[in-house]
Amino acid sequence: MFVSTTLITEKFLLYLYPKLENPNPVNLYKPELFSFSQFSQVIALLRFLVAADFLVLSTDLGLLSEMASVSSQPQFRYTQPPSKVLHLRNLPWECTEEELIELGKPFGKVVNTKCNVGANRNQAFIEFADLNQAIAMISYYASSSEPAQVRGKTVYLQYSNRQEIVNNKTAADVPGNVLLVTIEGADARLVSIDVLHLVFSAFGFVHKITTFEKTAGFQALVQFSDAETATSAKDALDGRSIPRYLLPEHMGPCTLRITYSGHSDLSVKFQSHRSRDYTNPYLPVAPSAVEGSGQAMVGLDGKRLETESNVLLASIENMQYAVTLDVLHMVFSAFGPVQKIAMFDKNGGLQALIQYPDTQTAVVAKEALEGHCIYDGGFCKLHISYSRHTDLSIKVNNDRSRDYTIPNTPNAQPSILGQQSVPMVGPPGQPYNGSQSGWGTGPPAVVQSMPMQMHNNVYMSSGSMPQQMAPGMQFPSHNSSQSTTTLPAYGSDRCQ
DNA sequence: AGCACA
């Protein structure tokens with residue numbers, strides 16, 4: 001209740017009574033008797049009570065007496081209790097918030113609005129900062145010869161039956177840099193992520209795209225740099241269909257429904273047929289995106305899990321210095337006996353498969369070595385993933401491949417756990433001196449992921465090529481040396 | 001022309 005009942009003295013009611021018939025009692029306000037706030041609120045309250053037959057005005061007694069019911073002339077002009085919120089009806093089509101604010105501004109501060117309400121979308125609410133402002137507006141139009149109008153159309157006002165506007169503004173209404181795109185059409189799910197990328201790239205650099213299946217259908221989240229770019233794409237594409245020439249001929253039309261997403265930065269773990277991160281070319285390709293991969297494992301959280309293996313695939317980035325079989329053997333022997341190594345060139349870079357007797361050792365080695373550099377200065381940076389092999393077939397022992405399990409093999413140096421003291425070899429750089437992140441501190445601050453072509457090697461079964469990236473896929477330049485970390489000295493306490 | 005929507 002907005003006014004203490006003790007304020008309604010007999011004197012006050014006697015004063016008010018004749019004025020209640022006046023549709024605009026604000027004009028009759030007598031500051032020497034009551035504050036404006038008290039006056040306005042009580043007027044509105046009394047009107048409501050009278051209209052609702054809770055009070056009956058008695059001229060004889062000059063008093064208001066309480067009554068339960070029965071009114072010969074029920075009044076419906078003031079059937080709502082006063083509220084800061086006004087209900088407007090008979091509004092013109094697609095009335096805007098600006099028009100509502102314009103209408104309410106003369107009476108006070110409009111703090112909230114809601115338009116396009118109701119089945120015909122021709123109702124609205126406006127909420128004032130103060131109850132008296134709402135009262136002032138209702139009072140004014142109750143007595144005015146000119147009705148309230150929007151675009152020349154009469155609108156009808158009354159107090160809302162709610163005390164505040166609750167804006168169900170969902171994320172879909174709040175502009176953001178990420179768009180939620182629903183692709184409608186019988187063949188919606190056949191729309192490739194590359195086509196979506198192409199369509200949305202017309203409006204600016206697309207950072208990331210994820211696609212997924214929901215009850216709403218086939219949907220995608222498209223991330224732009226900023227809300228302005230996203231808005232331009234939304235305005236241009238919402239309700240439009242994907243150009244036919246971008247789709248296979250047999251496909252039906254695919255219409256885009258676009259809202260804003262609540263997200264601001266999508267989390268893309270892999271480049272795959274479902275998600276892309278165009279800002280990070282070194283994001284690994286999800287095995288699920290690799291044809292013929294039957295190893296897709298899904299964790300409890302629904303994310304993909306890497307399939308562990310006793311064989312590691314190492315690719316060497318920024319190979320300024322020769323990395324020999326012996327160097328690799330030394331590096332990887334620090335974590336356990338290395339059974340076999342096979343080296344090969346791939347896409348102008350060097351890769352190697354390193355086989356341990358068990359998966360646990362490989363896991364430890366991978367965790368320790370991933371992202372580290374064999375040589376100081378960011379040279380020969382290792383990127384390690386699990387191979388799908390479990391036992392390498394080494395045909396011949398030479399400077400590129402070796403089976404250390406075969407006894408009496410020259411240069412074969414089976415390592416055992418604990419045999420750790422291996423001096424730094426190779427031409428340049430200084431051995432790790434402990435000033436940078438050591439074993440104990442875990443992986444480097446920024447661990448670059450493996451290049452996406454790394455799955456593609458001669459040791460893998462046919463049909464294991466990674467999915468081709470889309471033509472026109474663009475990557476911002478990156479500084480590969482900024483995140484390199486020198487490989488610490490081998491044989492630290494981590495490896496016991 | 002008469003009170004939002006998950």
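Residue numbering restarts at 1 for every chain, and letters A, B, ... go by the order of the sequence lines.
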- Message: Would you call the rings of His197(A) and Tyr278(A) parallel, tilted or perpendicular, taking 30° and 60° as the class edges?
- Response: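 Parallel: the ring planes of His197(A) and Tyr278(A) meet at under 30°.
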
- Message: Tell me whether the rings of His383(A) and Tyr282(A) are parallel (<30°), tilted (30 to 60°) or perpendicular (>60°).
- Response: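 Geometry flag for Tyr282(A) against His383(A): parallel rings.
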
To the nearest Å, give me how far apart [atom1] ([X]) and [atom2] ([N]) are.
X         : N      : atom1 : atom2 : answer
Asn161(A) : dC5(B) : CG    : C1'   : 14 Å
Glu97(A)  : dA4(B) : CD    : P     : 19 Å
Asn120(A) : dA4(B) : CG    : P     : 13 Å
Arg89(A)  : dA4(B) : CZ    : P     : 14 Å
Leu91(A)  : dG2(B) : CG    : P     : 11 Å
Ile165(A) : dC3(B) : CD1   : P     : 15 Å
Arg121(A) : dA1(B) : CZ    : C1'   : 18 Å

- Message: For a side-chain contact (heavy atoms from CB on, under 4.5 Å) check, start with the C-alpha distance between Glu94(A) and Asn116(A), then their side-chain angles and the critical distance, and finish with the verdict.
- Response: CA-CA 6 Å; Glu94(A) 295 282 283; Asn116(A) 301 323; 4.1 Å; yes

- Select from Lys153(A) and Thr170(A) the residue whose nearest nucleotide in DNA chain B is closer to the 5' end of that strand.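 Checking each residue's closest nucleotide, the 5'-ward one belongs to Lys153(A).
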
Could you check whether [X] gets within reach of a base, just the sugar-phosphate, or nothing at all, counting any heavy atom under 4.0 Å?
X         : result
Glu127(A) : nothing
Asn90(A)  : sugar-phosphate
Val166(A) : base

- Message: Any donor-acceptor pair, under 3.5 Å, between the side chain of Gln158(A) and the base of dG2(B), if you only look at N and O atoms?
- Response: yes

- Message: Please tell me if Asn168(A) has a side-chain N or O lying less than 4.0 Å from either OP1 or OP2 of dC5(B).
- Response: no

- Message: Is Arg162(A) close enough to dA4(B) that one of its side-chain N or O atoms is under 4.0 Å from OP1 or OP2 there?
- Response: yes

- Using centres under 5.5 Å plus planes under 30 degrees as the test, is Tyr156(A) stacked with dG2(B)? no

- Item | Proximity of Tyr140(A) and Phe107(A) rings by center, below 6.0 Å | yes

